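Structure first, commentary second.
Reckoned from all heavy atoms, side chains included, excluding hydrogens, waters and symmetry mates. The shown structure was predicted, so the numbers you read here are calculated from the model rather than taken from an experiment. Letters go in sequence order (proteins before strands), and every chain restarts at 1.
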Amino acid sequence: MTIERLKETVGRKTTLKGWILGKRTGKGLVFLVLRDGSGMCQCVVDENKVNTNLFEDAKRLTQESSVVITGEVIADERQIGGYELQVTDLEIVHLSQDFPITPKEHGVDFLMDHRHLWLRSKRQWAILRIRNTLIMAIHEFFQGEGFIQTDAPIFTGNAVEGTSTLFETDFYGEPAYLSQSGQLYGEALAMAFSKIYTFGPTFRAEKSKTRRHLSEFWMIEPEMAFHDLKMNMDTIERFLRFVVLKVLEKNTFELDMIGRDTTVLKQITEPFPRITYEDAVLILKGEKEVDGKNAVKTLEADLVAVQERMAAIQAEITDREAKLAAPGMKKGEIGFHQAKIQQLKEELSEQEEASRNIPMWLKSARDFRMGNDFGGSDETVLTRLFNTPIMVYNWPHEVKAFYMKRDENDTRWAKGVDVLAPEGYGEIVGGGERETNLELLIEKIHEHELPMEAFEWYLDLRRYGSVPHAGFGLGLERLVAWTCKLPHVRETIPFPRMYGRIAP
RNA sequence: UCCUCGGUAGCUCAGCUGGUUAGAGCACUUGACUGUUAAUCAGGGGGUCGUUGGUUCGAGCCCAACCCGGGGAGCCA
């Protein structure tokens, strides 16, 4: 039996197998919180109802010891998961000693070094279960719409876009690179199966140290024959709505556990604004308003709010420190104030960072020049005005990849689309309609100084039965990060690989 | 690669302008208490203050170089 299915055995004797998440002892009572991978459940050992050996065993249990535990299931609203086990039998499988991750706070470096154990904690458990829901929902959506799941190679002989830094490996004496995108192969597959999607690992060797970059991440890349930019955007919108609604439906417990406010997530049912690059730039520079909201003014108001919050935190810290200095305080109360002060100091340093960043973002937004690509801060400034993902399309062709289709009506633009998630998460999807004009493609390959011979096979796709087609790439970890509102993508993947981090 | 912040007990941190045996909380351990849910009480062990070199009568605190980490820029999902 698993904790997830305890409701099926209420009132009956049930055996669970798992690990001890925590223990509290009372007079004649031991409270064990058991986790079994499917959920958590409090198990109560009552000295009066079990033999002495069993009770002593229960008292010996330590954090993360593994056990097989039997008892009667009762429903109890107050307990985690809603049920409790009245223990009648207990077998210790392994007694754990000094589990490194205690119920207290730890720094990221320590936690990352213990990632193999950190995965057991509640928050990580909840996040990775949501990741699972998203993965399954992604398959469900595409399979439901008649897409074929297929795979692009991981070893490639050349860089797709020529700009990114790739991981170089040795392929039987030849240099080979780990795939940074399955996009071009996806196009070939779409010409064979009409609608396909790939779902696989992607590698980028950039030395990025930010909250939204990984060296190894998972990307979903659909590609659709006989689709144009508009149809592509329709698909993206249906797709994102579908997967987010699945999480809201299946992971209420997990979302609650990580403290995710789902108000914004629920707005996924509203239409996603579709904004041209030109309009987006005007909005960014504060020259155009959205529903009466001005990007620059909104950000300036944010800055004031941040500064006020900093002053408030500072005042509270001073106040609590004064209380600590006064004599006669009980030990527990001292600990409480100290913990609170530490919390406040952490928030203060976050706010300080925001107060340094916002003026820079404002400057970046004001100085933005039409024709450039958006930076991370520009995305934040822009999305600050919306509560749903937004789609920015028709980009200057110079900043987009060589395969992006040029707009026939206005050749300044390439028919690409970036989807920017709200709440500061920025780009989660990048895609567009692909160029079908053979001459223009060849011209672009030269322009990007890419090796023509490596793209001959790709050009064949335009020589034999070329059709309008479009597709996009979704970064799984960024989607998980936004869905869970996490401060960093490193928590969205079991074993993150990033600059400076290859172990565990 | 550049900018910025940091590296003090197992963990999270304090240590004011350099001054005698380096502190707290948690964790651990001993005992008391308790249908509990990180705020009960009392006692105990635990640190070559990232590395190397320098300034000084004296350095955790100052200087230099290097190593490691956080955040950001660039690049992008």
Side-chain angles (χ1 to χ4, degrees), chain A residues 21-33 40 42 44-46 62-63 76 78-80 84 97-114 161 163-166 180-181 183 201-221 321 324 329-343 345-346 349-350 352-354 356-357 360-361 364 373-377 379 399 401 418-421 425-431 472-482 487-490 492 498-501:
Chain A
L21 195 60
K23 178 183 75 174
R24 288 176 293 276
T25 54
K27 192 174 182 67
L29 291 165
V30 177
F31 300 95
L32 303 167
V33 178
M40 291 110 206
Q42 174 163 285
V44 185
V45 186
D46 188 333
T62 52
Q63 191 189 352
D76 187 343
R78 296 166 303 174
Q79 304 308 340
I80 188 163
E84 184 175 272
Q97 290 297 329
D98 298 324
F99 188 70
I101 303 174
T102 61
K104 276 284 166 180
E105 283 173 39
H106 298 283
V108 279
D109 195 36
F110 178 82
L111 290 170
M112 288 300 297
D113 282 341
H114 294 83
E161 299 174 23
T163 51
S164 310
T165 321
L166 307 185
Q180 54 142 286
S181 165
Q183 145 89 56
T202 302
F203 308 88
R204 304 275 165 93
E206 272 105 17
K207 293 177 178 173
S208 303
K209 289 175 65 157
T210 78
R211 58 186 69 205
R212 51 181 199 287
H213 287 90
L214 292 168
S215 304
E216 177 185 302
F217 62 97
W218 290 74
M219 190 148 71
I220 294 88
E221 295 181 283
E321 276 174 346
L324 281 175
M329 189 180 281
K330 284 206 301 186
K331 207 179 163 191
E333 210 177 338
I334 290 172
F336 174 68
H337 282 295
Q338 283 177 340
K340 202 78 192 172
I341 286 170
Q342 195 160 314
Q343 235 175 53
K345 281 186 177 174
E346 271 164 34
S349 73
E350 277 168 30
E352 277 169 352
E353 199 184 314
R356 281 193 301 268
N357 283 339
M360 281 160 60
W361 295 352
S364 165
D373 202 353
F374 288 161
S377 72
E379 290 176 357
V399 304
D418 280 4
V419 179
L420 309 178
Y425 281 85
E427 189 175 352
I428 52 171
V429 168
F472 60 94
L474 167 89
L476 178 65
E477 287 73 19
R478 287 191 182 173
L479 177 64
V480 177
W482 170 56
H488 201 297
V489 289
R490 68 182 150 224
T492 64
M498 46 209 259
Y499 183 55
R501 170 67 60 184

Between [M] and [N] - [atom1] atom distance, rounded Å:
N     : M     : atom1 : answer
B:G10 : B:U20 : P     : 24 Å
B:U29 : B:U48 : C1'   : 26 Å
B:C16 : B:U56 : P     : 23 Å
B:G43 : B:C5  : C1'   : 40 Å
B:C62 : B:A42 : C1'   : 43 Å
B:G60 : B:G18 : C1'   : 10 Å
B:A14 : B:G6  : C1'   : 15 Å

Looking at A:Lys209, I'd like to know whether one of its side-chain N or O atoms comes within less than 4.0 Å of OP1 or OP2 on B:G70.
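Yes, such a contact exists.
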Short side-chain N/O contact to B:A73 OP1/OP2 from A:Arg212, under 4.0 Å
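Affirmative; the distance criterion is met.
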From [options], nucleotide with atom closest to [X] side chain:
X        : options             : result
A:Glu84  : B:G71, B:G69, B:U36 : B:U36
A:Thr210 : B:C76, B:G35, B:G72 : B:G72
A:Asp373 : B:G70, B:C76, B:G35 : B:C76

[N] base to [X] side chain: any donor-acceptor pair below 3.5 Å?
X        : N     : value
A:Gln79  : B:U36 : yes
A:Arg478 : B:C76 : yes
A:Ser208 : B:G74 : yes
A:His213 : B:C76 : yes

My understanding is that only one of A:Arg478, A:Met498, A:Lys207 makes a side-chain contact (heavy atoms from CB on, under 4.5 Å) with A:His213; could you say which?
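The residue from A:Arg478, A:Met498, A:Lys207 that satisfies side-chain contact (heavy atoms from CB on, under 4.5 Å) with A:His213 turns out to be A:Arg478.
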What is the pairing partner of B:G25, taking Watson-Crick or G-U wobble pairs with both distances under 3.5 Å in any strand?
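When the pairing criteria are applied, B:C11 turns out to be the nucleotide that pairs with B:G25.
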Tell me what A:Ile220 touches on the nucleic acid: a base, only sugar-phosphate, or nothing, going by heavy atoms under 4.0 Å.
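Contact class for A:Ile220: none.
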Under 3.5 Å, is there a donor-acceptor pair between the A:Gln42 and A:Glu84 side chains?
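Yes - a donor-acceptor pair under 3.5 Å links their side chains.
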